[in-house]
Amino acid sequence: MPDQLQIALNDAYAQAVTQTDGHLADYIPELTVVDPDKFGLAIMTAKGRLCEVGDVDVAFTIQSVSKAFAYCMALELLGAEGVQAKVGVEPSGDAFNAIEFDPISRRPYNPMVNAGAIAVAGILRDAFQGNALERVLDRFSLAAGRKLDIDESVFRSEQATGYRNRAIGQLLCGAGLLHEPIDAAVDLYFQVCSIRVTARDLATMAATLSNMGANPTTGDEVFDFRAVRSTLSVMLSCGMYNFSGKWTHDVGIPAKSGVGGGLIGVVNRQVGIGAFSPRLDAKGNSVRGVHAMQRLSDELGLHAFECTNVGSSFVEHLL
Ligand code: GLU
């Protein structure tokens, strides 16, 4: 019998690969030297079945896709209320690197934009001190099912030129949401953005979230399932920068993108999807990644409110 999941993936790939518009991120030179034509797409079920197509072994930096997993770790440490004392859960409607806080709560809008993610890095740094990077790498590696590392040259470049992120760090400190040494939190943020992954890794990490925090291939319990619930909620409302409203409406999959060209989608209790294609649209999302995810959502009925999207609920067993 033909593998329907693989067929749907191949079809989404074939549709999306024709898209050649968009531009590489160019805020640091390292991101401009990647091959713009690379495209990898992988999907892993919550039971651990993997389908893949294209350049699924090409390494790139995780960038803002890391924000979802770092947030999950912060939730485990402080609980939802504790984290919300520092970072909100409202879509900002502004660019990922906007230097702004919610004017009423005086906190970053959400953990999926830089301001919120830097506050989250402060939470992780406070908890784990000098071991914070190691702890994050260990956890991300468990989610990916293999040992991940940092792209040192991307990290150094981010560190050398990250003026806006440093400014955000200063403002967070002024608002009492971060403390000295501010650089420790901002550098941790840069390091976490510089973790190297592949599209296959992203699919596995996404599948770990879809499987209530347990890696479906290794069985490792990586994230607390309550933290996963909160993370997926914020991914659905805020994960695609200032495209999040349209994304949720059209695609309906909790997702997070990064300017390295990575994109994850998580369908609760069903599948994790990982995509890599470095050409970005004006809002910073991978052009092919968005196309492919839209196609998969339509073809497989993955939109959260699709009538065919079942399997996310215990209720059917109670009827
Ligand atoms: N390292 C990037 C920055 O902070 C991440 C941005 C992103 O992927 O959205 O500017």
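When a ligand or atom number is given, it counts from 1 through the structure's own listing order. Please read all numbers here as calculations on a predicted model, not as lab measurements.
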Next item on the list: Answer with yes or no after comparing the ring centroid distance for Phe39 and Phe276 against a 6.0 Å cut-off, counting only values under it.
Entry: no
Note to self: So that I can tick it off, tell me whether Arg279 and Asp37 are bridged by a salt bridge, with the cut-off set at under 4.0 angstrom between side-chain N and carboxylate O.
What the structure shows: yes
Note to self: Under a plain distance cut-off of 3.5 Å, with no hydrogens placed, do Lys256 and Tyr71 share a side-chain donor-acceptor pair?
What the structure shows: no
Margin query: For the residue pair Asp94 / Tyr109, report whether a side-chain donor-acceptor contact shorter than 3.5 Å exists.
Written below: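 No.
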Next item on the list: Tell me, with the steps shown, if Arg196 and Glu152 meet side chain to side chain contact (heavy atoms under 4.5 Å, CB included).
Entry: CA-CA 10 Å; Arg196 246 192 302 240; Glu152 284 292 337; over 6 Å; no
Note to self: Which protein residues come within less than 4.0 angstrom of ligand 1, counting heavy atoms only?
What the structure shows: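 Under the 4.0 Å cut-off, ligand 1 touches Tyr27, Gln63, Ser64, Phe96, Asn114, Glu158, Asn165, Tyr189, Cys193, Tyr241, Gly258, Val259.
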Notebook entry, point to check: Are Asn110 and Val89 close enough, and set up right, to give a side chain to side chain contact (heavy atoms under 4.5 Å, CB included), and what steps lead you there?
Noted result: CA-CA 5 Å; Asn110 68 70; Val89 290; 5.6 Å; no
